[in-house]
Amino acid sequence: MIKLYDYELSANCYKQRLILSLLDVPYESVPVDFFPGLEHKSDEFKKINPLGHIPVIDDDGYVLWDAHAILVYLAAKYDPSGQWYPTGDPQLLGEAASWLLFAEGTTNTASAARLYVNLGYDFDIDVCRAGAHRLFRVLDEHLWFREREGLDWVCSGSHPTIADIAIFPDVVLSEEGGVSRLDYPALRRWTDRVKALPGFTIMPGVFPVGTS
Ligand SMILES: N[C@@H](CCC(=O)N[C@@H](CS)C(=O)NCC(=O)O)C(=O)O
């Protein structure tokens, strides 16, 4: 069974729990004492991920780190429909890759602001928040145009992709980092659509559809 090195309050670990739940794949959560224990920085943990980051998965001996790389692997391996990671459609695949890189940006801004507020990380909070708003504005306009085409998701297909899953936690938890979503109505509608997906699962700070 897949082992997920996991911390309940981590947005990046939640990305993995979410795709596993959406794909209905069983897994074992291996709790990492991220805070206050800093277990991810221990010599023992660095044998698993020398970067000292979570999440990491161990799928029957195959160890993989990096939140977005793990999404690629899980969807490629465990989604027989091929829709979550659309390898059969070069254009959609290109879009998914592009938005996965965008998600690195939301992680490094919106989610970094959350780490600053919740766990006291030493980040420049003004830079994090300004960066998050810049990206949220881009995404909000993008989603608004998608809606005008009758499309619901970040990529241009009719089915969500791992790009939605990579970005969603950074967006939906942003208020914890002091990044308001009030000015981004299309972004709020999109988070509600993600929350309505069959198999959707919550984490602390993420509320069921229609409540935030
Ligand atoms: N790109 C990173 C994103 C994951 C990430 O930032 N994880 C945070 C927890 S949500 C972490 O482990 N941070 C450790 C650190 O700040 O050194 C990855 O390797 O997956």
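Predicted model only: the values in this text are computed from it and were never measured. We count ligands from 1, going down the list as the structure has it; atoms in each ligand are counted the same way.
- The side-chain hydrogen bond (donor to acceptor under 3.5 Å, both in side chains) pairs that include a residue from residues 50-61 are Asp59-Tyr73, Asp59-Lys77, Asp59-Tyr78, where partners are two or more places apart or lie in different chains.
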What are the atom names and distances for all N or O pairs under 3.5 Å between ligand 1 and the protein?
| residue | atom | partner | partner atom | Å |
| --- | --- | --- | --- | --- |
| ligand 1 | 7 (N) | Ile54 | O | 2.7 |
| ligand 1 | 12 (O) | Ile54 | N | 2.9 |
| ligand 1 | 12 (O) | Ile54 | O | 3.4 |
| ligand 1 | 16 (O) | Tyr121 | OH | 3.4 |
| ligand 1 | 17 (O) | Lys41 | NZ | 2.4 |
| ligand 1 | 19 (O) | His53 | ND1 | 3.2 |
| ligand 1 | 20 (O) | Ala67 | N | 2.7 |

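- Applying the side chain to side chain contact (heavy atoms under 4.5 Å, CB included) rule to Gln83 yields the partners Asp79, Ser81, His159; only residues at least two apart in sequence or on another chain are considered.
- Phe45 and His40 have their aromatic ring centers separated by at least 6.0 angstrom.
- The list of ring-ring contact (aromatic ring centres under 6.0 Å, His included) pairs with a residue in residues 89-123, not counting sequence neighbours, reads Trp99-Phe102, Trp99-His142, Tyr121-Phe123.
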Open item on the list: Before you tell me yes or no, could you show the steps for Glu8 and Arg17 under salt bridge (charged side-chain N to carboxylate O under 4.0 Å, His left out), namely the whole-Å CA-CA distance, both residues' side-chain angles and the distance that decides it to 0.1 Å?
Closed with: CA-CA 10 Å; Glu8 193 185 13; Arg17 297 194 296 269; over 6 Å; no
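- Checked options Val172, Asp152, Asp140, Val154; the residue passing with Trp190 is Val154 (criterion: side-chain contact (heavy atoms from CB on, under 4.5 Å)).
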